[in-house]
Amino acid sequence: VNTKLGELGELGKDPVVQKMETRLAEEGDFPIHTGTDALGAPTSVSARAFIDQAKAEYKAHEATRDIYERISKCLS
């Protein structure tokens with residue numbers, strides 16, 4: 001998926017998302033610390049992978065939002 005977050009509606013207007021996209025464009029990919037594993041070693045994911053996952057989750061939410069709104073109207 002090559003879509004920039006800025007093309008995804010409200011998510012793209014988020015200042016944190018905009019700053020992350022700008023940094024990636026200027027400096028390239030970088031690791032994001034995500035916690036520690038069972039042995040206590042640090043774990044990380046690439047910033048691009050993190051953003052791609054966020055985009056996928058956002059798109060999935062947008063795809064199902066209409067369904068939930070319709071169900072809500074039927075139950076009202």
Side-chain angles (χ1 to χ4, degrees):
V1 177
N2 292 326
T3 305
K4 292 281 188 200
L5 284 172
E7 297 170 358
L8 294 176
E10 294 302 314
L11 182 61
K13 294 179 183 176
D14 185 296
V16 173
V17 172
Q18 290 175 347
K19 187 173 183 177
M20 181 71 107
E21 283 289 357
T22 299
R23 182 170 176 196
L24 280 171
E26 293 173 353
E27 300 176 25
D29 206 359
F30 56 93
I32 295 177
H33 177 74
T34 57
T36 55
D37 65 15
L39 300 174
T43 57
S44 64
V45 65
S46 77
R48 177 51 56 200
F50 187 85
I51 287 178
D52 288 346
Q53 179 64 35
K55 288 191 293 187
E57 290 175 13
Y58 182 82
K59 284 182 180 181
H61 169 73
E62 286 296 301
T64 59
R65 184 177 65 172
D66 184 55
I67 294 168
Y68 290 115
E69 287 176 357
R70 289 180 187 193
I71 291 170
S72 175
K73 287 179 182 178
C74 289
L75 296 175
S76 298

- Note on the structure: Correct closest heavy-atom pair for Thr36 and Gly40 would be CG2-O, 3.8 Å

- Message: Treating Thr34 as the side-chain partner and Thr43 as the backbone partner, does any N or O pair qualify as donor plus acceptor under 3.5 Å?
- Response: yes

- Item | Nearest-0.5 Å distance, CD of residue Glu26 to CD of residue Glu21 | 11.5 Å

- Message: If the condition is side chain to side chain donor-acceptor pair (under 3.5 Å), which residues does Glu27 pass it with, not counting sequence neighbours?
- Response: Arg23

- Note on the structure: To the nearest 0.5 Å, atom CD of Glu57 lies from atom CG of Asp52 at 11.5 Å

- Message: According to side chain to side chain donor-acceptor pair (under 3.5 Å), who are the partners of Ser46, at least two apart in sequence or on a separate chain?
- Response: Asp29

